[in-house]
Amino acid sequence: MAQGRKLPVSLAELRIDTVLRCGQSFRWRQLDDEWFTHRHCVLKGRLVSLKQDTSHLYYNVTWPSKPPTTSSKSQSTVKTEPCRDEDDVRLLQSYFALSHSLSAMYELWTASDTNFAKRAPAFAGIRILNQDAWETLVSFICSSNNNISRISQMVHKLCLHYGPYISTVQGELFHDFPTPEALTGPKVESHLRELGFGYRAKYIAETARIITEERPLGWLDSLRNPECPALGAIKQEESDEKTATSPTYAAAQEALLGLSGVGPKVADCVCLMGLGWAEAVPVDTHVWQIAQRDYNFGKGAKTKTMNKATYDAVGLHFRKIWGPQAGWAQSVLFTANLKSFAAQASAAKLAVKEEVAKVEEGLVKVEEGLVKVEDEVIKVEDEDKAIRAVSVARAAKRKVKLEDSAVPKLEGGGETTLVRRSKRKKASG
DNA sequence: CAGGGACCTCGTCT
DNA sequence: AAGACGAGGTCCC
């Protein structure tokens with residue numbers, strides 16, 4: 001692959017080596033040429049190839065050799081390179097939701113949640129992808145009682161058998177994700193069973209049928225968060241005098257529950273990653289585990305099994321702690337909790353310990369197992385506090401203006417064991 | 001109406 | 001080595 005073009009992105013905002021493997025998207029494949037590792041995926045009819053260094057995202061886009069619109073003879077000349085590049089940049093900014101400032105969110109969550117402050121340093125740059133809603137829906141129908149590896153295989157089979165061919169890289173075939181129409185038909189369920197989908201075959205076939213036959217065109221995208229429009233979305237505010245009520249997260253989740261194989265968890269995954277509802281918190285076994293282990297959820301013996309009421313209570317609980325972007329915070333802790341990232345977690349934890357031991361002149365000092373942040377001294381054994389203190393100190397060092405941040409302040413649901421920046425002299429309040 | 005079981009398949013663990 | 005267990009749950013009774 002050629003060098004391609006590049007987009008300035010810091011590792012604090014995005015780390016594709018983590019984000020593309022943490023169970024949000026299941027179609028990215030890593031291929032190594034003699035120069036570098038690239039990750040490839042078909043998005044919106046074109047093959048997107050990516051690599052990243054500390055300052056940039058390098059991208060290359062390959063369209064099918066035979067364009068979808070064969071009738072247009074002036075196809076190749078109409079689109080000049082700058083136009084096409086603008087289009088590609090828009091795609092990447094949309095897919096990675098780059099308009100959201102992840103570092104600002106991390107700072108808020110670090111300041112308000114000790115557990116987040118503890119885990120986050122090892123898992124920077126984890127953000128929620130803004131994916132196609134239909135793909136997200138089908139992918140997470142596949143996810144029930146399943147693991148990331150097999151979900152990826154299943155999604156790949158869907159593309160291979162039902163999606164349009166786009167390109168080949170190093171002998172690997174790349175197809176786009178199939179449309180609902182392509183997955184509608186009498187033979188789909190039995191075929192998917194043969195392909196090893198198990199009981200999910202029925203759910204996929206049934207949901208595809210409902211979408212194509214029982215819902216109006218564009219129904220799924222009509223559930224989107226208006227503040228987070230899809231890539232090629234038609235602006236609906238101009239269409240009519242707001243005849244349709246503005247969609248809400250609750251309404252979107254409710255609507256999705258009417259599909260086959262879609263319970264509250266899958267619905268929330270689609271809301272969060274496919275429809276732009278950042279407050280959606282998908283509660284799976286991992287998040288349930290995190291809620292109990294790290295957030296003392298269900299302290300009484302009242303909640304032994306997961307039912308809808310408990311499910312909703314967990315989401316509410318996390319929204320209280322993390323605020324309106326709770327789903328984004330959840331993805332960080334979810335990833336940190338994945339077994340496949342255990343090595344990264346422990347390695348980074350070591351690195352953080354070394355970081356704590358390192359002297360950051362002025363704000364943080366280490367003396368004989370003690371971390372000194374301004375006037376407050378913390379024992380290094382108190383890992384949570386020490387790591388948190390360093391985070392807070394760095395934030396202060398960067399002169400981050402939390403008060404002026406566009407992200408709304410969190411409600412005071414979390415523990416208020418904030419590291420007091422004691423005796424910090426505020427000039428004029 | 002809540003709650004326990006069944007459900008496909010496939011690694012891993014014992 | 002055969003059987004249990006769990007993997008980003010949902011449906012059904």
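Letters A, B, ... are given to chains in the order of the sequence lines, protein chains preceding strands, and every chain is numbered from 1. The figures here come from the full heavy-atom set of this structure, side chains too, leaving out hydrogens, waters and symmetry mates.
Atom P of B:dA6 sits at a distance of 13 Å from the matching atom of C:dC5, rounded to the whole Å. The gap from the P atom of C:dG8 to that of B:dC7 amounts to 22 Å, rounded to the nearest Å. With P as the reference atom, C:dA7 and B:dA2 are 26 Å apart, rounded to whole Å. Comparing the C1' positions of C:dT10 and B:dG11 gives an interatomic distance of 23 Å, to the nearest angstrom.
Both A:Gln153 and A:Ser144 lie near DNA chain B, and the one whose nearest nucleotide falls closer to the 5' end is A:Ser144. For A:Tyr203 and A:Leu338, each mapped to the nucleotide of DNA chain C holding its nearest heavy atom, the one lying further toward the 5' end belongs to A:Leu338.
Applying the 4.0 Å criterion to OP1 and OP2 of C:dG9, one finds that A:Thr285 has a side-chain N or O inside that range. Regarding contacts with the backbone of B:dG3, a side-chain N or O of A:Asn307 is found under 4.0 angstrom from either OP1 or OP2. Phosphate proximity of B:dG11 to A:Arg150: absent, as no side-chain N or O sits under 4.0 Å from OP1 or OP2.
In this structure, A:Lys339 places its NZ atom 10 Å from P of C:dG6, rounding to the nearest Å. Here the P atom of nucleotide C:dG9 and the CG atom of A:Leu256 are 18 Å apart, to the nearest Å. Nucleotide B:dC10 holds its P atom 14 Å from the CD1 atom of A:Ile151, rounded to whole Å. Distance A:Asn147 CG to B:dT12 P: 10 Å, rounded to the nearest Å. As rounded to whole Å, 10 Å separates atom P of B:dC10 from atom CG of A:Asn146. Rounded to whole Å, the distance from CZ on A:Arg193 to P on B:dC10 is 13 Å. Rounding to whole angstrom units, CD1 of residue A:Ile148 and C1' of C:dG9 are separated by 15 Å. Put simply, CZ on A:Phe197 is 18 Å from P on C:dT10, counting in whole angstrom units.
Backbone-only engagement by A:Leu259 is indicated by non-hydrogen atom pairs under 4.0 Å involving sugar-phosphate atoms exclusively. Contact annotation for A:Ser260: backbone-only contact, meaning every heavy-atom pair under 4.0 Å involves sugar-phosphate atoms and none involves a base. Using a 4.0 Å heavy-atom cutoff across all strands shown, A:Val287 reaches no nucleic acid atom at all. At the heavy-atom level, A:Gly23 lies under 4.0 Å from base atoms of the strands shown. Note on A:Glu194: nothing from the nucleic acid sits closer than 4.0 angstrom, heavy atoms only. If you check every strand for non-hydrogen atoms under 4.0 Å, A:Val283 touches nothing. Using a 4.0 Å heavy-atom criterion, one finds that A:Met154 contacts no nucleic acid atom at all. The residue A:Cys142 sits apart from the nucleic acid: no heavy atom pair falls under 4.0 Å.
Using cut-offs of 30° and 60° on the angle between ring planes, the pair A:Trp322 and A:Tyr295 is perpendicular. Note on ring orientation: taking the six-membered ring where Trp is involved, the planes of A:Tyr199 and A:Tyr203 are perpendicular (angle over 60°, cut-offs 30° and 60°). Taking the six-membered ring where the residue is Trp, A:Trp277 and A:Tyr249 present tilted rings, their angle falling between 30° and 60°.
Of the candidate nucleotides B:dC7, C:dG8, C:dT10, C:dT10 has the atom nearest to the side chain of A:Pro264.
Between the side chain of A:Glu189 and the backbone N or O of A:Ala201, no donor-acceptor pair lies under 3.5 Å.
At least one test fails for A:Arg27 against the ring of A:Phe177: distance under 6.0 Å to the centre or angle within 45° of the axis. Annotation: cation-pi pair A:Lys6/A:Tyr58 absent, no NZ/CZ under 6.0 Å from the ring centroid and within 45° of its normal.
Shown here, C:dC13 forms a base pair with B:dG3; the pair counts as Watson-Crick or G-U wobble because both key distances fall under 3.5 Å.
For C:dG9, its base never sits under 3.5 Å from the side chain of A:Lys265 at any donor and acceptor pair. At a cut-off of 3.5 angstrom, the base of C:dG9 holds no donor-acceptor pair with the side chain of A:Tyr311.
Remark: A:Glu214 CD is packed, more than 12 non-hydrogen atoms of other residues, nucleotides or ligands lying under 6.0 Å away.
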